[in-house]
Amino acid sequence: MKHLVVIGNGMAGVACVEQILKFQHDFQITIFGDETHVNYNRIMLSSVLAGEKSAEDIVINDIDWYQANGITLRLGVRIEAIDSEARTVTGADGSVTPFDKLIIATGSSAFVPPMDGVDKKDVHVFRTLDDTRELLEKSRPGCRAVVIGGGLLGLEAARGLQVQGCAVTVVHLGDRLMDRQLDPTGGMFLNRKMKNLGVDVLLHKSTRALTGIGKVEGLRFADGEEIGADLVVIAAGIRPNAALGKLA
């Protein structure tokens with residue numbers, strides 16, 4: 001029996017395996033995921049943050065599905081190297097797994113723009129279930145939350161935090177919200193709608209630094225203006241996790 005290894009336990013990698021299972025195959029399948037969760041719907045994370053759904057509600061394939069299909073699941077194991085000649089993958093735990101066929105479905109990661117202070121406490125990205133749980137733990141009524149990024153993900157984070165009681169400000173570099181999806185008229189309409197919902201919007205703002213000693217206390221912009229913050233969420237886009245494939 002041939003060994004199929006899938007690097008990535010996200011929506012794309014597991015959807016590919018689901019299609020393979022629909023046909024007669026001779027694969028022994030192993031899936032590696034660097035998160036410690038079974039396959040879940042990442043698109044629904046904003047609903048979890050808003051309290052509309054639980055983490056269990058967004059699970060796509062539970063542990064029973066893997067077992068029923070004879071799939072070996074290695075959760076919390078990041079693959080760090082691929083030897084294409086020896087046909088092996090090496091995990092961060094030191095494990096070496098041989099393969100006959102390999103699927104790389106490593107997805108993407110949150111992009112953090114170059115700015116000072118991103119390593120301070122209470123600065124987060126919004127990309128995974130663990131990110132969402134941390135934001136839920138820290139969001140509370142009266143908390144000054146600032147979301148850097150006025151794209152779709154940033155606005156979803158902003159709305160979720162607001163539902164949790166935070167006083168939310170969205171900081172965006174462009175001249176309108178969701179400027180990659182909307183024309184100026186649509187962007188300005190969305191801007192008004194967000195403000196009507198109680199979310200402050202600051203446009204044409206480039207964040208240069210996150211201020212505070214150890215813990216974030218505010219943001220400093222390129223024009224010298226500063227605002228206060230108890231919690232910062234960076235939602236400035238994503239970058240593909242292509243490094244592993246390039247190394248191979």
Side-chain angles (χ1 to χ4, degrees), residues 10 34-35 40 42-50 78 106-140 143-182 187 190-191 194 197-243:
D34 62 359
E35 291 187 59
Y40 62 88
R42 196 180 303 275
I43 299 170
M44 299 299 294
L45 287 175
S46 57
S47 296
V48 177
L49 182 59
R78 175 182 289 270
T106 45
S108 56
S109 300
F111 171 66
V112 178
M115 67 181 83
D116 293 333
V118 294
D119 57 344
K120 295 184 187 298
K121 185 181 178 182
D122 295 334
V123 177
H124 298 270
V125 294
F126 181 42
R127 186 66 185 159
T128 69
L129 185 56
D130 286 337
D131 296 333
T132 307
R133 284 173 168 163
E134 288 184 0
L135 291 174
L136 280 171
E137 289 176 3
K138 295 182 178 181
S139 57
R140 63 189 184 280
C143 174
R144 297 172 300 169
V146 176
V147 178
I148 300 176
L152 179 60
L153 187 63
L155 297 184
E156 288 182 339
R159 184 58 176 157
L161 290 170
Q162 187 198 39
V163 170
Q164 297 300 327
C166 297
V168 183
T169 299
V170 174
V171 174
H172 190 53
L173 183 61
D175 61 353
R176 62 186 184 277
L177 297 174
M178 289 183 63
D179 46 0
R180 293 192 176 186
Q181 292 88 6
L182 301 176
L190 178 59
N191 189 16
M194 293 301 291
L197 288 171
V199 175
D200 289 335
V201 177
L202 299 178
L203 300 174
H204 301 287
K205 290 295 185 183
S206 174
T207 306
R208 285 294 173 85
L210 304 180
T211 60
I213 301 174
K215 178 186 181 303
V216 69
E217 296 177 7
L219 290 77
R220 181 182 304 119
F221 303 122
D223 59 9
E225 182 184 354
E226 295 190 13
I227 61 171
D230 304 307
L231 179 66
V232 172
V233 180
I234 300 174
I238 57 176
R239 293 293 183 271
N241 295 327

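One is the number of the first residue; the rest follow in order along the sequence.
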Heavy atoms only: give me the nearest Val146-Ala229 pair and the separation to one decimal. CG2-CB, 3.7 Å
Residue set satisfying side-chain contact (heavy atoms from CB on, under 4.5 Å) with Ala222, at least two apart, ordered chain then number -> Ser206, Arg208
Would you please name every residue forming a salt bridge (Lys or Arg N to Asp or Glu O under 4.0 Å) with Arg239, sequence neighbours left out? none
Atom CG in Leu49, atom CD in Glu134: separation rounded to 0.5 Å? 12.0 Å
Just wondering, do Leu177 and Leu203 contact through their side chains at under 4.5 Å, heavy atoms? yes
If the condition is salt bridge (Lys or Arg N to Asp or Glu O under 4.0 Å), which residues does Lys205 pass it with, not counting sequence neighbours? Asp223, Glu225
Which donor-acceptor pairs under 3.5 Å do side chains of residues 153-162 form with protein atoms, sequence neighbours excluded?
unit_1: Arg159; atom_1: NH1; unit_2: Gln162; atom_2: OE1; d: 2.3
unit_1: Gln162; atom_1: NE2; unit_2: Leu197; atom_2: O; d: 2.5

Should the heavy atoms of other residues, nucleotides or ligands under 6.0 Å from NZ of Lys215 be counted, would the total exceed 12? yes
Any heavy-atom pair between the side chains of Leu136 and Val48 that's under 4.5 Å? yes
For Lys120, the salt bridge (Lys or Arg N to Asp or Glu O under 4.0 Å) test, sequence neighbours excluded, returns none
What residues form a salt bridge (Lys or Arg N to Asp or Glu O under 4.0 Å) with Asp34, not counting sequence neighbours? Arg78
Tell me, do Val216 and Leu231 make a side-chain contact under 4.5 Å, heavy atoms counted? no
Under the rule for side-chain hydrogen bond (donor to acceptor under 3.5 Å, both in side chains), what residues qualify as partners of Asp130, not counting sequence neighbours? His37
Closest contact, heavy atoms only, Phe126 versus Thr132: CE1-OG1, 3.3 Å
Show me the pairs that pass side-chain hydrogen bond (donor to acceptor under 3.5 Å, both in side chains) and involve residues 145-155, at least two apart or across chains. none
Check the pair Val118 / Leu210 against side chain to side chain contact (heavy atoms under 4.5 Å, CB included), numbers first and verdict last. CA-CA 6 Å; Val118 294; Leu210 304 180; 4.2 Å; yes
Taking all non-hydrogen atoms of both residues into account, name the closest pair between Lys138 and Cys143 and its distance. O-SG, 4.2 Å
Who pairs with Arg176 by side-chain hydrogen bond (donor to acceptor under 3.5 Å, both in side chains), at least two apart in sequence or on another chain? none
Which residues satisfy the side-chain hydrogen bond (donor to acceptor under 3.5 Å, both in side chains) test with Ser108, sequence neighbours excluded? Arg127
Passing candidate, side-chain contact (heavy atoms from CB on, under 4.5 Å) with Val232, options Val125, Val147, Asp122, Leu219: Leu219
Looking at every non-hydrogen atom in both residues, tell me the closest pair between Asp175 and His204 and how far apart they are. CB-CE1, 3.2 Å
Enter the distance from Met115:CE to Arg220:CZ here, rounded to the nearest 0.5 Å. 12.5 Å
Using side-chain hydrogen bond (donor to acceptor under 3.5 Å, both in side chains) as the criterion, list what pairs up with Thr128, not counting sequence neighbours. Asp131
How close do Gly149 and Val170 get, counting heavy atoms only, and between which atoms? O-CG1, 3.8 Å
Please tell me if the side chains of Thr207 and Pro113 come closer than 4.5 Å, counting only heavy atoms from C-beta onward. no
Show every salt bridge (Lys or Arg N to Asp or Glu O under 4.0 Å) that has at least one partner inside residues 143-153, sequence neighbours left out. Arg144-Asp230
Within the structure provided, determine whether Gln164 and Leu135 are in side-chain contact (heavy-atom separation under 4.5 Å). no
Taking the side chain as every heavy atom from C-beta outward, state whether Asp179 and Leu173 have any pair of such atoms under 4.5 Å apart. no
